[in-house]
Amino acid sequence: MSNRTTVMISIVLAMLVASMDTTIANTTMPIIVKEIGGEDLFAWAFTSYMVLSTVLAPLAGRLSDLFGRKRIYAAGILLFLGGSVLCGMSQSMLQLIIFRAVQGIGAGVMMPFPAIIAGDIYPVEQRGKVQAFFTAMWGLAAVLAPLLGTFFVTYMSWRWIFFVNIPICLVALIALKPYKEVYEPKKSMVDYGGAALFAAGISLLLLTTTVERNNYIYGILGVICMIVFFLYEKKISAPIVPLNLLRNRPIAIMIAISFITCTALFGTSSFIPLFLQNQGHSLFISGIALLGTSIGWMAVAVPSGKWVLQYGYKPLLIIGNGLLVVTAIMLYLMNEATSFWYSFATMTMLGLAYGLIFTVSTIGSQQLVEPHQKGISTSLQLFARNIGTAVSVTIMGAILTKSTMFYSGFHGMFVFGFIASLVSMFIPFLLQSPAKQTA
């Protein structure tokens, strides 16, 4: 087995466990609450993981540019492993919340590295295939998470939803051993002040999407922290988030596309299972529908690297956003008479759209910057998607819960998604039409 294949095993396994732990606790939380109590706090077990895993991603990317991929990625695996062990040993809800935060830190550190390391070890034309593997892991996680959660609470213990991560993380660490850095890290002073301000600001802003009471207070404090962060970063010679990266027009446009497209419809996967269960389908069948997204995603991700070389970024992003608009229309047309296969086809179309947009923007984020900025550029793309997804789920959830009728609320979600996807469709036209990408 080649060293490159071994390293791929490491990053794919890390992606699998980190993505599964985003949702696996959903299935088991009622059982956990029954055993250790803390019903009034259990929502924070999700919030602590989500907030910290989102915030740490761009910081980890920047640290990898400064100190090397292998060291930071391995630290993320170890943090996630330690957090998983502690979560499985929790004796109270407060302990579980704290240990889920540790897990979230580890997940946030790990998550950018599949794309970053793949960008280091694979040429442009092969990166689409690699992104397809990553997509398969997300699709597998979407189905495995509820199934594993149900299996563990039925036949073993809820604690195994965390303990199962131990052997996977150990294999990921061992498989990482052959990885050799392909560029010389650009050593610099670490901007701890900027990192703290950024983490505080984004965490507070994300809390407005998960806390129901007085969330405007978190929003105000978050905005203040981010204003101070931007003013502070302008004075730092080696900022944790180099703002000059945003002066790179194609990179800034791709980050904007990632954010708006995720705000538009990426939250859909959280609500399609609910739609199907409302029609009487089982939890398993609801999860199978999400595989349509993975199938569509992989279908375009595999050839996307070659398409970038052949056609450039602009036309591919325009097509991807056009597919997203079509998906929004298909989602709006769903009703109580909608068949499972129509739902599956709609999710496949969603996968085609996001597979093209995300793969092309990921390749662009790595090819259009200097080598020492590849980590932060790639992780900022992921960060924009995560923030957009949080906003999407919050807005869609609010529209659905405030509606008196399920289907009217469901349609309202996708009126919003259609409008946002239309906005996103016009952003790629701001890109210049450069020469076709060269490897």
Side-chain angles (χ1 to χ4, degrees), residues 22-23 25-27 29-30 33 39-40 42-43 46-47 50 142-143 145-146 149-150 206-216 219 260-293 296 321 323-354 387-425:
T22 304
T23 56
N26 296 0
T27 308
M29 192 53 70
V33 169
E39 184 175 1
D40 56 329
F42 83 91
F46 307 112
T47 300
M50 184 273 290
V143 176
T150 302
L206 283 173
L207 285 176
T208 64
T209 68
T210 56
V211 177
E212 295 183 0
R213 296 181 181 179
N214 299 323
N215 57 1
Y216 67 92
I260 298 176
T261 54
C262 283
T263 299
L265 290 177
F266 208 72
T268 302
S269 59
S270 298
F271 299 100
I272 288 297
L274 179 63
F275 173 86
L276 291 170
Q277 289 166 38
N278 196 65
Q279 291 187 308
H281 294 290
S282 67
L283 181 67
F284 176 74
I285 293 298
S286 302
I288 291 296
L290 298 181
L291 281 179
T293 306
N321 279 275
L323 292 172
L324 199 65
V325 173
V326 173
T327 305
I329 296 171
M330 293 176 68
L331 287 163
Y332 179 79
L333 294 175
M334 292 172 68
N335 55 47
E336 59 269 21
T338 297
S339 68
F340 167 80
W341 290 111
Y342 180 91
S343 302
F344 188 89
T346 303
M347 297 309 289
T348 302
M349 182 64 75
L350 187 74
L352 290 171
Y354 280 123
I387 295 293
T389 301
V391 173
S392 179
V393 171
T394 301
I395 293 176
M396 286 184 169
I399 292 171
L400 186 63
T401 55
K402 289 180 180 179
S403 177
T404 55
M405 300 284 290
F406 175 80
Y407 289 105
S408 62
F410 190 80
H411 290 150
M413 290 193 302
F414 298 115
V415 169
F416 161 76
F418 175 72
I419 294 171
S421 61
L422 274 181
V423 172
S424 180
M425 183 175 177

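As the structure is a prediction and not an experimental result, all values here were calculated from the model. Only this structure's heavy atoms are used, side chains among them; waters, hydrogens and symmetry mates stay out.
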Check residues 406-415 and write down every donor-acceptor pair under 3.5 Å in which the side-chain atom is one partner and the other belongs to a residue at least two apart or another chain.
residue, atom, partner, partner atom, Å
Tyr407, OH, Asn278, ND2, 3.4
Ser408, OG, Ser403, OG, 2.7
Ser408, OG, Met405, O, 2.8
His411, ND1, Tyr407, O, 3.3
His411, NE2, Tyr332, O, 3.2
His411, NE2, Met334, O, 2.6

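Residues meeting the side-chain contact (heavy atoms from CB on, under 4.5 Å) test with Ala420, sequence neighbours left out: Ala264. Applying the side-chain hydrogen bond (donor to acceptor under 3.5 Å, both in side chains) criterion to Ser424, with sequence neighbours excluded, gives Asn321. With sequence neighbours excluded, no residue satisfies side-chain contact (heavy atoms from CB on, under 4.5 Å) with Thr404.
Rounding to the nearest 0.5 Å gives a distance of 12.5 Å between CD1 of Ile260 and CG of Leu265. Atom CG of residue Leu324 and atom CG of residue Leu352 lie 11.0 Å apart, to the nearest 0.5 angstrom. We find the CZ-CD distance between Phe275 and Glu336 to be 8.0 Å, quoted to the nearest 0.5 Å.
Looking at Tyr354, its side chain never comes within 3.5 Å of a backbone N or O of Gly296 through a donor-acceptor pair. A distance-only check finds a donor-acceptor pair linking the side chain of Ser421 to the backbone of Gly417 [under 3.5 Å]. Using modelled atom types, no side-chain atom of Gln279 and backbone atom of Phe340 make a donor-acceptor pair closer than 3.5 Å.
Residues Thr263 and Phe416 have side chains in contact (heavy-atom distance under 4.5 Å, counting atoms from C-beta outward). Between Ile329 and Phe418 the shortest side-chain heavy-atom distance falls below 4.5 Å. At a threshold of 4.5 Å between non-hydrogen side-chain atoms, the residues Leu323 and Met349 count as touching.
The heavy-atom pair separating Thr338 from Leu333 by the smallest distance is OG1-O, 4.3 Å.
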> Step by step, would you call Leu331 with Ile272 a side-chain contact (heavy atoms from CB on, under 4.5 Å)?
Replying inline: CA-CA 9 Å; Leu331 287 163; Ile272 288 297; 3.9 Å; yes
